[in-house]
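This is the structure I want to talk about, given as structure tokens.
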Amino acid sequence: MPRTLVRDALNATAPSDAIFLQGWVRTRRDAKAFSFIELNDGSSLKGLQVIVDATLPDYPQVGRASTGASVEVQGRLVASKGQGQQWEVVAEKFTVLGEADATYPLQKKGHSLEFLREIAHLRPRSNLFGAVFRVRSRLAYAVHQFFQEKQFFYVHTPIITASDAEGAGEMFRVTTLPLGNPPKTEQGEVDHTQDFFGRKTFLTVSGQLEGEIFATALSNIYTFGPTFRAENSHTSRHAAEFWMIEPEIAFCDLAGDMALAEEFVKYLIRDAREHCAADLEFFSKFVDKELLTRLDFVLERPFQRCSYTDAIAILTQNGKTWEHPVAWGDNLQSEHERYLTEEHFKCPVTVYNYPRAIKAFYMRVNEGDAPGRQTVAAMDLLVPGIGEIIGGSQREERMELLKEGMALHHLSEKDYWWYLDLRRYGTVPHAGFGLGFERMLMFVTGVANIRDVIPFARTPGTAEF
RNA sequence: UGCCUGGUAGCUCAGUGGUAGAGCAGGUGACUGUUAAUCACUUGGUCGUAGGUUCGAUCCCUACCCGGGCAGCCA
């Protein structure tokens, strides 16, 4: 008999005389004449109640069906006699496949997130993490759906890269040279010409530069893959390995870029709201009471836009005192970003046109700025509770200005010869952004720590699983 | 990397300069169309590690290890 998923059984429209289920026991309640077993197979938040009558030949097995045990059940799907569920299964055959003894760490009551991180191999079996990873799967699908519907092409940019100075952060080195005794040059430095790739290589911090290659060929592309930052960050919103979505659009300016970013964020929220309703309600109940209100509010309301210069004016004219001073030319600090999105605008806000000096070399220089106030066409999308969720820009398509930017950042034109070629041959205005997938998940689920929205968190000092 | 905070039973936590307690989990029994079931009884701890102060340290001090938060860096 084919297996029925719990999710489908719960959504049944009619009873069934024959149904077969497999899954794990969440809890068991024994009565004198029968036992109740809540069966969960991960297909949905809610489990299915199974009744095993004491007269059943298989009944002795029920004693071994403790929380965490794997079981299979054959029986009848019937309307429940009790409150709390529409359907339940009356078992005719009941088998324990794998026991879970008293050392099984997951209990019926709530655990701390910190404890669950220590058992990352079992936490997907909890309500919370089951829900998180179902939403994660759905949103990954929605990412592709959004861009594919818009006829963007999915490009696989390399994980291993030789570009080492995009300004996105510290990088992990990739090498096969012996650690203790690497070959040296005459100058006594490690000789990377003898390394696997014949040069220094790293794990990528961004697929953007390679994305630009494809955008200037296929017009509209996106990447969606893992990226790596070797920053020693100890915060709830940084991980050393995370997934990023980076669209790159040819013949597009900053305004188009911002519009796409805002549409994308709303699309993902709407998709989760529609397809992960039960899981989101669970988060709203147990993780963040304001979640659904906030998500709906974000869907209904247009995102605000605010130039960097206006943002500085808002921050300096409201009479607040800041831990970090606010001055034109300085980066916006977390407290400033959070004030803008959480208190001033009270909704997602896109800040654009940042000072050139604090932004990356490839960002497009704006025209008509006041002297000493040179800006670039960069934008950050800020959301309440998290801060920056998207960073993007129009790219500098003019060769001379791009070279000038590289000089400002002390980058060698020789190392970026292929990137400069994109301007040398058929250059076009283009723009793109990066969305941190985990940060988006934090926003959609209300889960406050990035370690809890990624299956296996990689943070400084931690890579157990 | 800096600052802050925590480490006591399997889990969540309380507690005191005189070597420890609760709830849940586990065990036993009772009861019940139950649903984080309920009730009674019960097992369970070198109080993170190493030093120091003290007659005596889980408590005070120092170092280290580990967790968490904030900041910077960013997504």
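Proteins come first, then strands; the chains are lettered A, B, ... in the order of their sequence lines, and each starts at number 1.
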Decide yes or no, distance alone: a donor-acceptor N/O pair under 3.5 angstrom between the base of B/C70 and the side-chain of A/Thr235. no
Answer yes or no: is there an ion pair linking A/Arg237 with A/Glu438, defined by an N-O contact shorter than 4.0 Å? no
B/U34, OP1 or OP2 - any side-chain N/O from A/Gln49 closer than 4.0 Å? no
Any side-chain N or O of A/Gln85 below 4.0 angstrom from OP1/OP2 of B/U34? no
Could you identify the nucleotide paired to B/G6, looking across every strand shown and requiring Watson-Crick or G-U wobble geometry with both distances under 3.5 Å? B/C66
Pair assignment for B/A71, Watson-Crick or G-U wobble, requiring both distances under 3.5 Å: B/U1
Quick one: on RNA chain B, does A/Thr459 or A/Ile358 contact a more 5' nucleotide (nearest heavy atom)? A/Thr459
Quick one: sort the A/His144 and A/Phe224 rings into parallel, tilted or perpendicular, breaks at 30° and 60°. tilted
Under a 3.5 Å limit for both distances, which nucleotide forms a Watson-Crick or G-U wobble pair with B/A57, could you say? none
If you look at every strand shown and take non-hydrogen atoms under 4.0 Å, does A/Ile245 touch a base, only sugar-phosphate, or nothing? nothing
Return the pairing partner of B/C13 with a 3.5 Å limit on both distances, Watson-Crick or G-U wobble; otherwise return none. B/G21
Any side-chain N or O of A/Arg338 below 4.0 angstrom from OP1/OP2 of B/A71? no
P atom, B/G15 versus B/A22: distance in rounded Å? 15 Å
Take atom C1' in B/A14 and the same atom in B/G21, then report the distance between them in whole Å. 7 Å
Taking the C1' atom in each of B/U49 and B/A36, what is the distance between them to the nearest angstrom? 37 Å
Does the side-chain ring of A/Phe34 lie flat on the base of B/G33, meaning centres under 5.5 Å and planes less than 30 degrees apart? no
If the sugar-phosphate is the primed atoms plus P, OP1 and OP2 and the base is the rest, what is the B/S/- string for nucleotides 8-14 of chain B, using protein heavy atoms under 4.0 Å? --BSS--
Inter-nucleotide C1' distance (B/A9, B/G26), Å rounded: 12 Å
Counting only side-chain nitrogens and oxygens, does A/Ser334 get under 4.0 Å of the OP1 or OP2 atom of B/G72? yes
Student check: side-chain heavy atoms of A/Phe242 and A/Arg229 closer than 4.5 Å: yes
Using the C1' atoms only, state how far B/C31 lies from B/C39, rounded to an integer number of Å. 8 Å
From the candidates B/G33, B/C31, B/C74, the one with an atom nearest any side-chain atom of A/Ile51 is B/G33
Using 4.0 Å as the upper bound for N to carboxylate O, is an ion pair formed by A/Glu335 and A/Lys320? no
So A/His234, base contact, sugar-phosphate only, or nothing? Heavy-atom distance under 4.0 Å. base
Distance test, side-chain N/O of A/Ser236 to OP1/OP2 of B/C70, below 4.0 Å: yes
Return the nearest nucleotide to the side chain of A/Ala102; candidates are B/C73, B/C31, B/G26. B/G26
Please confirm whether the ring centroid of A/Tyr362 lies under 6.0 Å from the ring centroid of A/Tyr419. no
What nucleic acid atoms does A/Gly391 come within less than 4.0 Å of, heavy atoms only: base, sugar-phosphate, or nothing? sugar-phosphate
Base partner of B/G33, which must satisfy Watson-Crick or wobble distances under 3.5 Å: none
Enumerate the residues from residues 433-458 of chain A whose closest heavy atom to RNA chain B is under 4.0 Å, giving them by residue number; use none for an empty result. A/Gly434, A/Arg439, A/Asn449, A/Ile450, A/Arg451
Among the candidates B/G68, B/C31, B/U34, find the nucleotide nearest to the side-chain atoms of A/Arg117. B/G68
Any strand counts, and the cut-off is 3.5 Å on both contacts for Watson-Crick or G-U wobble. Which nucleotide pairs with B/U28? B/A40
Is it true that A/Arg138 and A/Asp279 make a salt bridge, defined as a side-chain N closer than 4.0 Å to a carboxylate O? no
Is any side-chain N of the basic residue among A/Lys359 and A/Asp380 closer than 4.0 Å to the acidic one's carboxylate O? yes
Under 4.0 angstrom, heavy atoms only, what part of the nucleic acid is A/Glu246 near: base, sugar-phosphate, or nothing? nothing
In whole angstrom, give me the gap between the P atoms of B/C59 and B/U16. 13 Å
Gap in Å between the two P atoms, one belonging to B/C47 and one to B/U19, rounded: 14 Å
Quick one: is B/A37 close enough that its OP1 or OP2 comes under 4.0 Å of any side-chain N or O from A/Thr27? yes
Is A/Arg29 close enough to B/A36 that one of its side-chain N or O atoms is under 4.0 Å from OP1 or OP2 there? no
Quiz question: going by heavy-atom distance under 3.5 Å, is there a donor-acceptor pair between the base of B/A75 and the side chain of A/Arg229? yes
Check A/Glu290 with A/Arg294, please: is the shortest side-chain N to carboxylate O separation under 4.0 Å? no
Salt-bridge test for A/Asp253 and A/Arg364: reply yes if a basic N is under 4.0 Å from a carboxylate O, no otherwise. no
Is the shortest side-chain heavy-atom distance between A/Ile390 and A/Met440 below 4.5 Å? no
B/A57 and B/U53: how far apart are their P atoms, nearest whole angstrom? 11 Å
Begin from the C-alpha positions of A/Tyr222 and A/Phe146 and carry the test ring pair (Phe, Tyr, Trp, His ring centres under 6.0 Å) through to its verdict. CA-CA 11 Å; A/Tyr222 68 105; A/Phe146 176 82; 9.1 Å; no
Could you tell me whether A/Arg29 atom CZ has more than 12 heavy atoms of other residues or ligands within 6.0 Å of it? yes
